[in-house]
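In what follows, a single structure is set out as structure tokens and then discussed.
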4 protein chains.
Amino acid sequence: MKKVVITGLLLVSSFFAQAQLPDPGFSIDERTAIVITDPQNDFFSETGKGWGIFKESIQKNQTKEHIEQIFKAANEKNMLVFVSPHYYYKHDHQWHFEGPVEKMMHVNGMFERTNPIREEHFEGSGADWYTPFKKYISGDNFIVTSPHKIFGPETNDLVLQLRKRKIDKVVLIGMAANLCSESHLRELLEQGFETAVIFDATAGAIIKEANIDAPEAALTNFRMLAGKVYQTRDFLKELSKLPVIKKN
Amino acid sequence: MKKVVITGLLLVSSFFAQAQLPDPGFSIDERTAIVITDPQNDFFSETGKGWGIFKESIQKNQTKEHIEQIFKAANEKNMLVFVSPHYYYKHDHQWHFEGPVEKMMHVNGMFERTNPIREEHFEGSGADWYTPFKKYISGDNFIVTSPHKIFGPETNDLVLQLRKRKIDKVVLIGMAANLCSESHLRELLEQGFETAVIFDATAGAIIKEANIDAPEAALTNFRMLAGKVYQTRDFLKELSKLPVIKKN
Amino acid sequence: MKKVVITGLLLVSSFFAQAQLPDPGFSIDERTAIVITDPQNDFFSETGKGWGIFKESIQKNQTKEHIEQIFKAANEKNMLVFVSPHYYYKHDHQWHFEGPVEKMMHVNGMFERTNPIREEHFEGSGADWYTPFKKYISGDNFIVTSPHKIFGPETNDLVLQLRKRKIDKVVLIGMAANLCSESHLRELLEQGFETAVIFDATAGAIIKEANIDAPEAALTNFRMLAGKVYQTRDFLKELSKLPVIKKN
Amino acid sequence: MKKVVITGLLLVSSFFAQAQLPDPGFSIDERTAIVITDPQNDFFSETGKGWGIFKESIQKNQTKEHIEQIFKAANEKNMLVFVSPHYYYKHDHQWHFEGPVEKMMHVNGMFERTNPIREEHFEGSGADWYTPFKKYISGDNFIVTSPHKIFGPETNDLVLQLRKRKIDKVVLIGMAANLCSESHLRELLEQGFETAVIFDATAGAIIKEANIDAPEAALTNFRMLAGKVYQTRDFLKELSKLPVIKKN
């Protein structure tokens with residue numbers, strides 16, 4: 001896997017050089033925002049329910065460190081950050097059918113909250129923000145949407161919240177690479193946003209015995225779908241050149 | 001207005017009798033659910049911010065009494081009731097543009113909550129459930145979705161919550177007739193649900209000096225769009241004949 | 001009705017003057033486009049299947065003349081015009097359920113085409129463009145989307161076609177006022193567009209014996225929902241001041 | 001790659017056996033339909049513009065043969081088949097931005113049609129049905145939707161056409177595995193359908209020099225997302241046991 005991912009990233013340039021896929025171009029401006037999916041304990045905390053199958057990818061990509069770097073840099077430029085969380089309420093356990101990962105999340109009790117109003121049992125739970133991210137997410141340029149309920153933003157207000165602030169370019173980060181990140185990417189494409197992904201600010205499940213290498217699948221698709229696949233350092237370099245965005 | 005509404009309802013039969021619009025048929029069964037929009041203090045409480053322009057229609061239609069009757073009857077039959085609320089968070093005040101009613105709601109501070117997680121200041125606020133409805137909404141067959149953010153369910157998980165329980169027919173009640181009720185009706189039509197409305201379990205704004213008779217506008221559209229426009233007593237009669245629905 | 005419409009429009013100012021509904025503001029710019037629904041024979045031709053119930057409103061509003069004036073003015077400014085048509089194919093007659101107006105359209109054979117590919121029997125049919133509009137719609141700044149299948153653009157590519165050209169404000173015209181025009185308005189609001197309607201470039205069904213005055217219902221809702229309700233002459237005056245839009 | 005795909009399929013059982021991902025269950029019934037994406041010359045014909053990068057996977061999976069077998073079996077059972085095609089019109093070349101594969105399709109002139117109405121130059125073009133499939137697609141139980149414009153059905157009427165016939169389970173086949181097939185799968189999940197994929201009735205791009213193995217990425221995601229991943233022979237065996245579906 002290590003070889004594949006590195007190769008994958010290195011190949012982005014030679015890939016386009018061969019003109020097998022044209023480079024559509026993407027650049028950040030004052031109508032660009034960050035979209036992060038699921039910056040929650042169940043993915044990032046070592047006691048989170050997903051840690052077992054995500055830690056390898058999180059550690060290799062240095063996902064946590066990269067997300068913090070991106071949050072800091074976004075704050076310096078007044079760039080908006082939209083947070084699309086994953087919450088399951090008690091009533092979601094009434095569903096008549098689910099896919100495999102949906103079922104797994106329900107069986108494991110991932111992202112559990114009581115209901116859409118009550119706050120009880122939330123603080124520090126698997127559904128709560130990963131602690132080091134909290135100070136950023138409470139900031140004025142962070143907008144927390146309603147939860148997505150499967151993997152994409154079709155079931156929440158992310159698209160509206162972006163459009164109501166005249167954002168038409170998005171840069172995706174967060175979890176999980178081939179699930180919520182990719183479903184957000186695909187839906188935002190269908191909704192007519194210009195899109196990019198920062199690959200090493202995402203991470204995915206690696207389950208060797210089941211032949212699952214989710215980050216590799218995600219990378220293949222990101223490269224074919226998104227306007228640009230960044231590495232964090234390249235994104236930060238580009239962002240550093242952007243003037244501070246005037247607050248509306 | 002009184003004349004118009006009564007005439008409107010009485011005319012439903014002669015209307016179809018003239019074959020100007022065919023009667024498409026609608027009947028309730030075990031795959032039917034109630035959908036209620038905005039059963040919240042800002043509409044129903046006499047101290048609510050909308051009471052001034054909604055009370056005339058609420059009183060004439062006996063909307064509160066009808067909603068309670070429908071909730072009770074639904075409970076007896078194990079019929080699911082989906083509650084689609086209206087909440088505005090602090091960050092929604094950052095929006096760059098709005099329509100007239102959106103702006104009015106924001107200026108008046110209707111349906112205000114702190115954010116999607118915090119419960120502070122919620123109890124008894126304009127965004128909270130109207131007190132007489134609370135005991136029903138906390139029941140097992142009530143599903144509270146994420147908030148809609150404009151008027152329709154495009155920005156929440158209502159459609160998914162219905163489909164995940166194999167519901168494909170909906171009966172709409174709630175507030176406000178030509179705004180959230182009608183936008184929910186229109187979106188559920190586009191999503192391929194069979195639809196009905198119980199007209200006297202809705203209500204709308206009446207602002208005579210501005211030539212606004214919203215319930216009349218809603219009734220015209222409900223009659224042209226929905227599979228059936230019920231009066232509460234007719235709906236209750238039909239529901240009483242339905243066997244108790246087996247819980248999944 | 002005439003009195004009502006005039007009153008309705010005149011009242012917009014006093015309405016806002018009373019601060020019952022704030023004026024959200026709307027102005028046209030280079031990211032604004034016209035969206036027209038159903039400029040087809042079945043509405044506008046005197047042999048069209050809808051003429052009987054729409055002619056009164058079309059004639060009173062001078063809808064045809066206004067649409068042509070708007071098309072001409074849009075051409076002079078290179079303003080894009082998106083055309084969202086209504087087509088029914090043979091397979092749509094397999095649907096298991098419909099609303100009243102849907103059923104009426106199917107029974108009457110409105111907007112019929114063979115299928116999404118074949119052109120046979122299309123020229124001059126009820127589904128074809130109204131003849132005086134054809135020379136405009138074939139122009140370079142007109143984009144014809146896939147058909148909507150109920151009343152709104154949820155089932156076609158209108159939103160994507162707008163976004164792919166960086167349009168984020170729309171001005172709605174066309175047919176029928178409270179059906180496709182209004183469902184397009186409502187969906188575009190949910191999708192985060194700034195919206196306006198030119199009321200006298202729309203028209204609706206008037207069926208006195210059934211107590212249906214659809215334009216009046218539409219006007220009530222347009223005034224509460226849209227960023228602005230124009231009359232054609234006011235729209236044309238504002239458009240005349242806009243510089244010619246540079247083609248991309 | 002060969003090893004990986006075979007391993008992937010063989011591992012489906014051991015995968016679930018390890019209970020790392022629970023098996024959510026999926027079975028076909030009278031409310032199940034086939035959904036096929038892009039059964040068009042540009043993918044399947046040896047002169048099609050995509051053949052160069054798709055032939056390896058099409059040949060290995062025996063995609064063409066499997067699709068024909070599935071079409072035949074569906075016909076015998078009166079199972080509905082929904083065809084979601086890919087068409088690009090002249091006006092789509094005005095888009096201001098695209099992703100890499102979108103740009104590639106536009107540059108290569110894939111799936112080109114004149115416009116949504118004209119039939120000229122269509123017969124036998126890259127956008128036309130692959131010839132051996134034509135006799136099936138013209139049948140009564142095949143419903144051809146409007147084209148999708150990016151990769152998913154968000155921009156066409158597929159969901160509505162399914163719901164209007166009370167279909168709530170779908171089995172996906174067609175092209176391209178990780179692009180339109182997968183975006184259809186993801187959107188149908190969000191819309192609350194029960195979903196399955198027949199993996200060897202799909203195919204994807206393999207571009208070794210660019211490190212792209214799209215079928216492998218698709219398989220990883222199908223296994224995590226869909227209710228079931230079939231092989232054609234297993235699907236046919238299950239379908240053979242289903243009684244002939246009564247026509248509505």
Side-chain angles (χ1 to χ4, degrees), chain A residues 31 80-85 87-99 102 106 113-120 122-123 125 127-129 134 137-150 152-167 191 247-248, chain B residues 31 80-85 87-99 102 106 113-120 122-123 125 127-129 134 137-150 152-167 191 247-248:
Chain A
R31 293 183 67 151
L80 297 177
V81 181
F82 293 78
V83 185
S84 177
Y87 300 138
Y88 285 122
Y89 304 121
K90 282 185 183 164
H91 66 227
D92 297 326
H93 290 272
Q94 299 167 352
W95 292 354
H96 293 203
F97 58 93
E98 296 154 320
E102 288 176 76
H106 282 140
R113 279 181 60 182
T114 306
N115 66 35
I117 297 162
R118 295 295 161 236
E119 198 179 333
E120 55 188 353
F122 181 72
E123 183 80 22
S125 73
D128 197 3
W129 311 130
K134 281 194 175 185
I137 297 179
S138 62
D140 277 349
N141 62 323
F142 278 67
I143 293 104
V144 178
T145 69
S146 293
H148 52 273
K149 302 300 291 187
I150 309 284
E154 287 88 336
T155 49
N156 74 12
D157 57 329
L158 173 63
V159 168
L160 181 74
Q161 295 290 357
L162 291 162
R163 295 300 187 189
K164 282 286 198 181
R165 292 164 178 86
K166 297 283 186 184
I167 299 299
Q191 294 292 341
K247 293 210 178 188
N248 187 264
Chain B
R31 293 183 68 152
L80 297 177
V81 182
F82 293 78
V83 185
S84 177
Y87 299 138
Y88 286 122
Y89 305 121
K90 282 186 183 163
H91 66 228
D92 297 326
H93 290 272
Q94 300 167 352
W95 292 354
H96 294 203
F97 57 93
E98 297 154 320
E102 286 176 77
H106 281 141
R113 279 181 60 182
T114 306
N115 67 35
I117 297 162
R118 294 296 160 234
E119 198 179 334
E120 55 188 353
F122 182 71
E123 183 80 22
S125 72
D128 197 2
W129 311 130
K134 281 195 176 184
I137 296 179
S138 62
D140 276 351
N141 62 324
F142 279 66
I143 294 103
V144 178
T145 68
S146 293
H148 52 274
K149 302 300 292 187
I150 309 283
E154 286 90 334
T155 48
N156 74 12
D157 57 330
L158 173 63
V159 168
L160 181 75
Q161 295 290 356
L162 291 163
R163 295 299 187 189
K164 281 287 198 180
R165 291 164 179 87
K166 296 284 185 184
I167 300 298
Q191 294 293 341
K247 294 210 178 189
N248 188 264

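Quick note: numbers below take in every heavy atom, side chains included, and nothing from hydrogens, waters or symmetry partners. A note on names: the letters A, B, ... follow the listed sequences, proteins ahead of strands, and every chain is numbered from 1.
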Most chain B-contacting option - heavy-atom pairs closer than 4.5 Å, from A/Glu119, A/Lys166, A/Lys90: A/Glu119
Below 4.5 Å, heavy-atom pairs only: which of A/Ala127, A/Pro116, A/Pro85 has the largest tally toward chain B? A/Pro116
Do any N or O atoms from the side chain of A/Lys164 and from the backbone of B/His96 form a donor-acceptor pair under 3.5 angstrom? no
Leading residue by heavy atom contact count with chain B [cutoff under 4.5 Å; candidates A/Phe142, A/Phe122, A/Tyr89]: A/Phe122
Could you state the interatomic distance from CD (A/Gln94) to CG (B/Asn141), rounded to the nearest 0.5 Å? 9.0 Å
Count the heavy-atom pairs under 4.5 Å between each of A/Asp92, A/Ile117, A/Leu158 and chain B, then report the option with the highest count. A/Ile117
Part of B/Ile143 lying under 4.5 Å from any heavy atom of chain A: both
So, the part of A/Arg163 with a heavy atom under 4.5 Å from chain B: the answer is backbone
Side-chain heavy-atom pair A/Val144, B/Asn115 within 4.5 angstrom cut-off: no
Nearest 0.5 Å, what's the CG-CG distance between B/Asn156 and A/Leu160? 11.5 Å
Is the shortest side-chain heavy-atom distance between A/Lys149 and B/Gln161 below 4.5 Å? yes
